Asks: 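Take a look at the following structure, please.
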Amino acid sequence: MGGPREAAARAQELRATLEDANYRYYVLDAPAISDAEYDRLFRELQALETEHPRLATPDSPTARVGAAPLEAFGSVRHRVPMLSLNNAFADEEVEAFDRRTREALGAEAVEYACEPKFDGLAVSLVYAQGRLAVGATRGDGHEGEDVSANLRTVRSIPLRLRAQRAPRRLEVRGEVILFRRDFERLNEHQRSRGEKVFVNPRNAAAGSLRQLDPAVTAGRPLRFFAYGIGEAEGFALPATQSELLDLLGELGLPVCAERRTTRGAPGLLAYYRALEARRPALPYEIDGVVYKVNRLAEQERLGFVARAPRFALAHKFAAEEATTELVAIDVQVGRTGAITPVARLKPVFVGGVTVTNATLHNEDELHRKDIRVGDTVVVRRAGDVIPEVVRAVPGSRKAGAPAFRLPAACPVCGSAVVRLPDESVARCSGGLYCPAQRKQALLHFASRRALDVEGLGEKLVDQLVDAALVQTPADLYALDVGRLAALERMGERSARNLAAALERSKRTTLQRFVYALGIRNVGEATARDLARHFGALDALIDADESALQEVPDVGPTVAMSIRRFFAEQHNRDVIAALRRRGVSWEEGAPRRAAPAGPLAGKTFVLTGTLPTLSRADATAMITGLGGKVAGAVSKKTDYVVAGADAGSKLARAEALGIALLDEDGLRKLLKG
Ligand code: IVH
């Protein structure tokens, strides 16, 4: 292989050839040599460097794969913050942007640089004396993670700038992405080895860049496109953004070929439409376009507002839609008991991922859109948001398909499903018992203003529930120290501390206990009022809705919520178990506030829509004068206030011979 001199010369030649091959491939998009040839030259260089270790340099093409795994990423402070962009969706917003820009610059027409908005991850590359020194993620915009070793493995990022006299310091900013084809290949590879499959190219790029082992990143075909600069020293700035990117290209950085300059809002919108049409044909994913005032001097004059530049705008593409068949409607129970209908779909590829489930939001939405099982439906997905069913395709309905009904019982625990007036969401009423709500219920129960079990936080609740040691709050008081101590990260001492805290929490007040139950719409203040009013828990448990509404600030909705909670046997069982296990408080005599006001003792029922008063306003006016508003008409009802479209309540009032009022009548009565 010749002497050291020949070896040094050959190594230099090989490096230049390999760098040039990279440049032609990634920047000029015009490959000069085949992959096989590249690999052959690369291996020759590797062999030379192994034989003559002194020839190895940190920016040799062979240095892209070498670095050792890290324990953790260091952090990098961005001397010039990495900001975000203001978003626009509608044409009018783009027109308004152009108008504001023209006014601020006092210009007739403004020239813009238009670029794709890459759907990847923002990174910063600092070149010191032309050599890649630091590569970092955006982080919070001020401080990011040092992912230099990973970024060095990205072949389209030059380790050295192509310049006779490189700038002293130049920070290049851009996006790390995965091309679609590379993403698919990566997933095939992952799948064949039984490893994690990524949902879309952006997630795959993010996951790859945040690997602590650069060898893993090196195996992922990441790409880079430059779109701007950060700090710069010893670098002569050109006059415009478009020339800046041309210059970055000459320095060896990949800049994308879809860039254009244009003038005025019509030019911006034409670019947007053209790129949207080309979007499916692009080898990478974009989620919109970015407009930037082209002249850098004008950018400087426009400056920044909050966290985004005034000189730029991201114009996002509309969420992608696709049609598929709705196979079934299931319901899901959330952490707070919210019941959400979920569409099970025939798998469909939309917005970069295969979608099989989509939210239908709630019962009203579902009925408004009239979506039924078997329908062909339009599914929409934008960015990382949950996919949703937009509408059914007219004419796709299968004969006899029934309208969807929410189940009357919670699919998780069988407790009654309740939808309170004024709420769009139905909920499982078995808050103390339902497995779906378990963790939330326990956390609330143990919280400081409830039973105040010191040390019982989120992590521990997760552990206790996951280990099946605790199902309901009552189980907390049956925990044994030995089994607690056996939990991971627990130990004898913490176990004893928790046991002591639980013991202390047993002695509580009725107010805290009522609050700890986590009844919807019963916060601390209502719990206090209820405790004072009823004095004893059993009196509260047995109270009907009209008795509940005698409590100050308890209206029909809160009364119904309380009633339904205690009506659920599952909850009553848990309460009984809590008492059996020693949770106790002092009970007192009921202290009912003497009803005051001219309407004291009078019960009203509201039905239908009043011409000007909302239900809440009418209720406030009545209760303000000492009256009560009940949810249902009974013999005890004194007045029924009926508006337009009053239904069964009006009929029942008429049948019982109860006094009827319209809005005028109500106002007169209230005036006395
Ligand atoms: S310029 C001060 N240009 O969009 C403006 N950003 O919301 C800095 N992005 O996370 C950004 N393509 O990574 C710019 N052609 C482009 C872009 C682009 C994608 C991302 C960027 C950032 C986000 C800004």
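Computed from a predicted structure; not experimentally measured. Every number for a ligand or one of its atoms is a count from 1 in the order of the listing.
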Asks: Any cation-pi pair here, R260 with Y271, using under 6.0 Å and within 45°?
Replies: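 Because its charged atom misses either the 6.0 Å distance or the 45° angle limit, R260 does not stack over Y271.
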Asks: I want to know whether F183 and F198 have ring centres closer than 6.0 Å.
Replies: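 No, the ring of F183 stays outside the 6.0 Å limit from the ring of F198, centre to centre.
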Asks: Are the charged groups of R191 and E195 less than 4.0 angstrom apart, N to O?
Replies: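 No.
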Asks: Can you confirm whether the side chains of T336 and Q437 place a donor and an acceptor under 3.5 Å from each other?
Replies: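 No, because no side-chain N or O of T336 sits under 3.5 Å from a partner of the opposite role on Q437.
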Asks: If you compare all heavy atoms of Y291 against all heavy atoms of Y272, which two are closest, and at what distance to 0.1 Å?
Replies: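 Closest approach of Y291 to Y272, heavy atoms only: OH-CB, 3.3 Å.
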Asks: Enumerate, one pair per line, all nitrogen or oxygen atoms of ligand 1 lying under 3.5 Å from a protein nitrogen or oxygen, stating the separation to 0.1 Å; write 'none' if no such pair exists.
Replies:
{"from": "ligand 1", "atom 1": "3 (N)", "to": "K292", "atom 2": "NZ", "distance (Å)": "3.0"}
{"from": "ligand 1", "atom 1": "4 (O)", "to": "K117", "atom 2": "NZ", "distance (Å)": "3.2"}
{"from": "ligand 1", "atom 1": "7 (O)", "to": "L85", "atom 2": "N", "distance (Å)": "3.0"}
{"from": "ligand 1", "atom 1": "12 (N)", "to": "F118", "atom 2": "N", "distance (Å)": "3.1"}
{"from": "ligand 1", "atom 1": "13 (O)", "to": "E175", "atom 2": "OE1", "distance (Å)": "2.3"}
{"from": "ligand 1", "atom 1": "13 (O)", "to": "Y227", "atom 2": "OH", "distance (Å)": "2.8"}
{"from": "ligand 1", "atom 1": "15 (N)", "to": "E115", "atom 2": "OE1", "distance (Å)": "2.9"}
{"from": "ligand 1", "atom 1": "15 (N)", "to": "P116", "atom 2": "O", "distance (Å)": "3.1"}

Asks: Is there side-chain contact between E250 and V255, with heavy atoms separated by less than 4.5 Å?
Replies: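 With C-beta onward as the side chain, the pair stays apart.
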